[in-house]
Amino acid sequence: MYKLIAIDIDDTLINDSKEVTPATQQALEQAIAKGVIVTLATGRAYASAQAIARQIGMNVPIITYQGSLVKNLLDEKVLYERYVPMEAVRKVFDYCMLHHLHLQTYINDKLFAREENQKLIDYTTLNRTEYYIEPDVAKLAAHPTPKLLIIDDPDYLDEIAPQLRELLGEDVHITKSKPNFLEIMHREGTKGHALKFLAAHFGCDMSQTIAIGDSWNDHEMLEAAGLGVAMGNAIPALKKLADYVTLSNNEDGVKAAIDKFVLQPE
């Protein structure tokens with residue numbers, strides 16, 4: 001019997017029209033009615049994720065910033081928090097300035113960048129997020145952040161990721177949430193770490209958890225969960241390590257997985 005389900009948002013829970021369909025909504029409500037804890041596990045900021053969580057009718061802690069922040073929806077109490085080490089933050093800012101890369105940071109759940117550009121506008125339009133401009137890089141680099149995000153050409157990001165890993169060392173976790181998004185967190189800022197924390201918080205064994213996702217930033221939670229489910233539209237590497245591949249995000253893949261494993265288990 002599964003007791004806890006963690007679901008990624010983009011390209012997983014929501015379809016390409018950025019909607020949670022009525023059919024998926026109903027499956028979530030039915031799982032919750034059965035006493036299953038249903039939560040979100042996203043790279044998005046809390047401010048962005050909580051709007052979707054409330055729309056669905058959730059009242060549990062949600063996993064945000066790739067696992068760097070677990071926060072309760074009811075009283076907004078922080079349960080788990082991991083900031084990028086400050087030395088790493090400064091190094092990333094220096095590296096991005098030197099290589100003319102677009103970098104975003106998050107301060108007190110607000111998105112900041114050094115300058116306004118098309119990458120920032122496209123990102124905030126996609127996530128329906130406000131943004132703030134602070135040209136003084138030293139000011140930005142002086143604040144603790146749950147994650148840093150570089151946006152660029154996918155192949156170029158694949159090229160620089162090993163350089164950043166070498167520069168920043170073992171204390172950070174670097175992953176991709178989309179082909180053109182490279183994200184840098186604390187080494188314990190993964191969806192896998194956050195899922196383990198939440199399972200312990202609710203007294204669930206990891207064998208009683210389900211994780212559903214589509215991208216490489218989901219692999220830690222799919223591997224940690226009792227049942228790791230990849231979407232039909234997931235990247236091949238995630239499908240390969242998943243226990244089960246469901247339908248795509250445009251075919252109510254989340255509903256199909258919940259129906260099969262929670263609502264109508266054989």
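Under the side-chain contact (heavy atoms from CB on, under 4.5 Å) test applied with Val38, the options Ile56, Val254, Ile210, Ile32 reduce to a single match, Ile32. For the salt bridge (Lys or Arg N to Asp or Glu O under 4.0 Å) with Lys178, the lone residue among Asp152, Asp8, Asp11 that qualifies is Asp11.
Looking at Asn250 and Asp16, their side chains do bring a donor and an acceptor atom within 3.5 Å of each other. Residues Asn180 and Tyr156 bring no donor and acceptor atom of their side chains to less than 3.5 Å of each other. If you check the side chains of Asn117 and His102, you find a donor sitting under 3.5 Å from an acceptor. Using a 3.5 Å distance cut-off with no hydrogens or angles, the side chains of Glu183 and Ser177 do pair a donor with an acceptor. Remark: the Asn249 side chain and the Thr12 side chain contain no N/O donor-acceptor pair separated by less than 3.5 Å. Judged by distance alone, the side chains of Asn217 and Gln66 do bring a donor and an acceptor atom under 3.5 Å apart.
Atom CG of Leu4 sits about 10.5 Å away from atom NE2 of His201, to the nearest 0.5 Å. Rounding to the nearest 0.5 angstrom, the gap separating the CG atom in Leu263 from the NZ atom in Lys34 is 6.0 Å. Expressed to the nearest 0.5 Å, how far CZ of Phe112 lies from NZ of Lys139 amounts to 10.5 Å. To the nearest 0.5 Å, atoms CG (Leu69) and CE (Met185) are separated by 13.0 Å. A distance of 9.5 Å separates CE in Met231 from CD1 in Ile7, rounded to the nearest 0.5 Å. For the atom pair CG (Asn108) and OH (Tyr132), the distance works out to 10.5 Å, reported to the nearest 0.5 Å.
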Derivation of the salt bridge (Lys or Arg N to Asp or Glu O under 4.0 Å) call for Lys191 and Glu220: CA-CA 6 Å; Lys191 293 183 183 185; Glu220 288 90 356; over 6 Å; no

Step-by-step side-chain hydrogen bond (donor to acceptor under 3.5 Å, both in side chains) determination, Glu116 to Tyr131: CA-CA 9 Å; Glu116 188 176 67; Tyr131 61 86; 2.2 Å; yes

CA sep, side-chain torsions, deciding dist, call: Ile37, Ile5, side chain to side chain contact (heavy atoms under 4.5 Å, CB included): CA-CA 6 Å; Ile37 298 152; Ile5 309 173; over 6 Å; no

Check against side-chain hydrogen bond (donor to acceptor under 3.5 Å, both in side chains), Asn127 and Ser48: CA-CA 7 Å; Asn127 281 359; Ser48 169; 5.0 Å; no

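For Arg82, the salt bridge (Lys or Arg N to Asp or Glu O under 4.0 Å) test picks out Glu188, with sequence neighbours left out. Under the salt bridge (Lys or Arg N to Asp or Glu O under 4.0 Å) criterion, Lys196 pairs with no residue, sequence neighbours left out.
Under a 4.0 Å N-O distance rule, the pair Asp94/Arg90 does not qualify as a salt bridge. Of the charged side-chain nitrogens involved, none lies within less than 4.0 Å of a carboxylate oxygen, so that Asp205 and Lys3 do not count as a salt-bridged pair. By the 4.0 Å N-to-carboxylate-O rule, Arg114 lies too far from Asp136 to be salt-bridged with it. Between Lys176 and Asp158 a salt bridge is recorded (basic side-chain N to carboxylate O distance below 4.0 Å).
The backbone N or O of Ile121 sits less than 3.5 Å from a side-chain atom of Thr125, completing a donor-acceptor pair. Judged by distance alone, with hydrogens and angles left aside, the side-chain atoms of Arg54 form a donor-acceptor pair with the main-chain N or O of Leu73 at under 3.5 Å. Between the side chain of Thr190 and the backbone N or O of His193 there is at least one donor-acceptor pair closer than 3.5 Å. In this structure, Thr246 contributes its side chain and Gly253 its backbone to a donor-acceptor pair below 3.5 Å. The closest donor-acceptor contact from the side chain of Thr42 to the backbone of Ile9 lies at 3.5 Å or more, if one exists at all. When atom types are taken as modelled, the side chain of Asp252 and the backbone of Lys255 share no donor-acceptor pair closer than 3.5 angstrom. Formation of a donor-acceptor pair under 3.5 Å by the Ser68 side chain with backbone atoms of Tyr65 is found in this model. At least one donor-acceptor pair closer than 3.5 Å links the side chain of Glu251 to the backbone N or O of Ser248. In this structure, Asn72 contributes its side chain and Lys77 its backbone to no donor-acceptor pair below 3.5 Å.
Figure legend: Lys71 and Tyr46 shown as a cation-pi pair, the cationic atom lying under 6.0 angstrom from the six-membered ring centre and within 45 degrees of its axis.
A pairwise comparison of heavy atoms in Tyr83 and Pro146 identifies CD2-N, 3.7 Å as the closest pair.
Taking the side chain as every heavy atom from C-beta outward, Thr124 and Leu111 approach each other to under 4.5 Å. In this structure, the side chains of Val92 and Leu168 come closer than 4.5 Å at one or more pairs of heavy atoms.
Between Tyr80 and Phe197, the ring-plane angle classifies as tilted under the 30° and 60° cut-offs.
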